[in-house]
Amino acid sequence: MLRLFQTNEIRDVQELQGDWDFQPINEADEGLPSDYRYRMPVPGCWEMHPQFTTYQGKGVYRRTVEISRKGAIRLVFKGVSHTADVFFDGKPVGHHYNAYTPFAVVIPDVEPGTHEVAVVADNSFGEMSALHVPNDYYTYGGLIRPVAIELLHELFIERIAFTPIRSSEGWQGTIRLFVRNIGNRERRARLQFSLGGQEIAAGTVDAMPGEIVEFSITKPFPGVIPWSANDPKLYLLKAQLYVEGQEVPVDDLIERVGFRTVTTENGRIQVNGEDVVLKGFNRHEDHALAGAAIPYPLMVHDIELMLDMGANTVRTSHYPNDERFLDLCDERGLFVWEENHARGLSLEQMKHPLFAKQCEDCNREMVENHFNHPSIIIWAILNECASDTPEGREMYRTQLEQIRTMDSSRTLSFASHHRDRELCFDLADIVSFNLYPLWYEDEDPLELIKQARLWADQAGGLGKPMIISEFGADGYYGYRDPSRVKGTEERHAEIIERNLAAYVSVPFLSGMLIWQFCDCRVTEGTGWLLTRAGTQNSKGIVDRYRRPKLAYSVVQRYFKM
Ligand code: ADA
């Protein structure tokens, strides 16, 4: 299942799920293997296979596909971890870096018949990787998210971007549609749109060979019901493309949208003009039985657990998430802070020659692919990177500007641990602190949060909403002991409780996000990574199997207040 709704009625889309052939190869190997000894499920992580539980390197996935007619096709990959080289009938056709963003490869002029698709996935931390580095989460290997094949007309709809607008006259919406011409002659496309089953607009665009042309229209939508956490009303936005002179559409794309606005005024965050306080979790896409390739029923389970605890928000720490999870957030009315992929990179790591390009690609792919999710109210970048240095500041500025240019309808933030040394609060809409009182430092949460507000006010954050984007403590599932020492479930619950008690008591906080929803596997390493007992970050309110720790009912009590 690619999404939680049907994205096409006309375009022929086939999901390539199921077992693929699999073969590990050496780092130095360039071509494809001749023998495949294993089978591997897609989507999936190879770590779930008993032979590959700790394998870091290259693995090749292969399968055949049946093409029913002559013409162009597109291979769509929702996430390959972390570097992908795509081959079609043995020839290289595409390359992509980053496990957590979708990409697509167009192949023109394919003959009908049986063809071979192969993907070399690489999850090793080589010198070409600036963002996937040994870290406090695990870089799983493989085709971790769905794969599909589309049969395309030479003129097709690349994507749709919908922006809701709230005015004194009621709801409006801007629809931007991108038409791509992969043929070899100029073409005119006639477009037709409907929203919630009602015909709403039409227009034409001309596209030269190789061009992607934008069509934009702003329309009033009287009588629509806005999307909110309590009533997450969604509408199907359908676009159909006709080639001039033909009566039957040749292509279509369906998106699901909602009418809601996000603003920051008077030091608060508003959704549809009403102040909200974000209460929720940081969540890694990680499960003991699935790695990063969490199957749909387990995604639903995660959402239901979060809602059961009274949460209204999830932060996709520290990368863009699976679209089906975002679809679920749209459906269940959970606010999303979605962020690009970067965790705890030093200035030296940010000076990696590929850092800027890999971040730029990640930002673009995140915003373009996830633009229509009403649940996403915050775009964020670069968790705990070098925003305390002048050089780091320039990189934060560049990336925040990149995102703002693509989407000015959402708020921007980044999670900082630099306390009074932070230099970038003026660049964001919301100031966000990662603080761990009572865990890393023996500090009082209430005093610290008041201090943090002063740091923010003095460092460019005056008048901006403030979120505690991380707080938490280790708690090893099942380790209960009357001593209540650090690491016991008792102490974990107590630290969470004392933090929450402080945060709900102050009027100036717009959010509190617990680190973290579930325990997660981390890179095996030396140095500080050795502080991660059992090679996992154990600050989850539930463990990697989603078994609740003592802190579960504490969270429930505070979030349901
Ligand atoms: C950081 C970081 C998280 C996690 C956490 C912790 O602030 O953003 O990814 O590493 O601390 O557990 O210490």
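Note that ligands are numbered from 1 as they come in the structure, with each ligand's atoms numbered from 1 the same way. The structure presented is a predicted model; accordingly, all values stated were derived computationally and were not measured.
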Peer 1: Establish, for the pair Arg557 and Tyr552, whether the NZ or CZ atom is under 6.0 angstrom from the six-membered ring centre and no further than 45 degrees off its axis.
Peer 2: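 Arg557 over Tyr552 ring: no.
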Peer 1: Using a 3.5 Å distance criterion without hydrogens, assess whether the side chain of Lys58 forms a donor-acceptor pair with backbone atoms of Ser124.
Peer 2: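 Judged by distance alone, no pair lies under 3.5 Å.
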Peer 1: List the closest protein heavy-atom neighbour of atom 5 (C) of ligand 1: residue, atom name, distance to the nearest 0.1 Å.
Peer 2: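 Checking every protein heavy atom, the shortest distance to atom 5 (C) of ligand 1 gives Tyr436 OH, 3.2 Å.
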Peer 1: Counting heavy atoms only, which part of Tyr137 comes closer than 4.0 Å to ligand 1: side chain, backbone, both or neither?
Peer 2: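 None of Tyr137 does.
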Peer 1: Which residue and atom name correspond to the protein heavy atom nearest atom 3 (C) of ligand 1, and how close is it?
Peer 2: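 Protein heavy atom with the smallest distance to atom 3 (C) of ligand 1: Glu470 OE1, 3.4 Å.
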Peer 1: Are Arg532 and Glu524 ion-paired here, with the side-chain N under 4.0 Å from a carboxylate O?
Peer 2: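 No, this pair does not count.
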Peer 1: Can a salt bridge be assigned to the pair Glu255 and Arg159 using a cut-off of 4.0 Å between side-chain N and carboxylate O?
Peer 2: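 Here Glu255 does not pair with Arg159 in a salt bridge, since their nearest N and O are not under 4.0 Å apart.
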Peer 1: How far apart are the closest heavy atoms of Ser129 and Tyr97, and which atoms are they?
Peer 2: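 Scanning both residues completely, I find the closest heavy atoms to be OG-OH, 2.7 Å.
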Peer 1: Taking only heavy atoms of Asn434 into account, list the atoms of ligand 1 that are under 4.0 Å away from them.
Peer 2: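 What qualifies from ligand 1 is 7 (O), 8 (O).
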Peer 1: I'd like to check which ligand 1 atoms, numbered from 1 as shown, lie under 4.0 Å from a non-hydrogen atom of Asp136.
Peer 2: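 Near Asp136, meaning under 4.0 Å from one of its heavy atoms, ligand 1 has 4 (C), 6 (C), 10 (O), 12 (O).
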Peer 1: So is Arg343 in contact with ligand 1, going by heavy-atom distances below 4.0 Å?
Peer 2: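 Contact check Arg343 vs ligand 1: positive.
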Peer 1: Between Lys539 and Asp136, does at least one N-O distance fall below 4.0 Å, as a salt bridge requires?
Peer 2: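 Result for this pair is no, no salt bridge flagged.
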Peer 1: Quick one: look at Asn383 and ligand 1, take heavy-atom pairs under 4.0 Å, and tell me if it's side chain, backbone, both or neither.
Peer 2: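 Side chain only.
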Peer 1: Would you say the ring centers of His284 and Tyr319 fall short of 6.0 Å from each other?
Peer 2: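 Yes, the ring centres sit under 6.0 Å apart.
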Peer 1: Going by the order shown, which atoms of ligand 1 are within less than 4.0 Å of some heavy atom of Tyr440?
Peer 2: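 Close to Tyr440: 6 (C), 12 (O), 13 (O).
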Peer 1: Quick test of your reading of the structure: of Arg532, Glu384, Lys539, His318, whose heavy atom lies closest to atom 7 (O) of ligand 1?
Peer 2: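 It is Glu384 that holds the nearest heavy atom.
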Peer 1: Where on Gln516 is there a heavy atom closer than 4.0 Å to ligand 1, on the side chain, on the backbone, on both, or on neither?
Peer 2: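 It is neither; nothing of Gln516 touches ligand 1.
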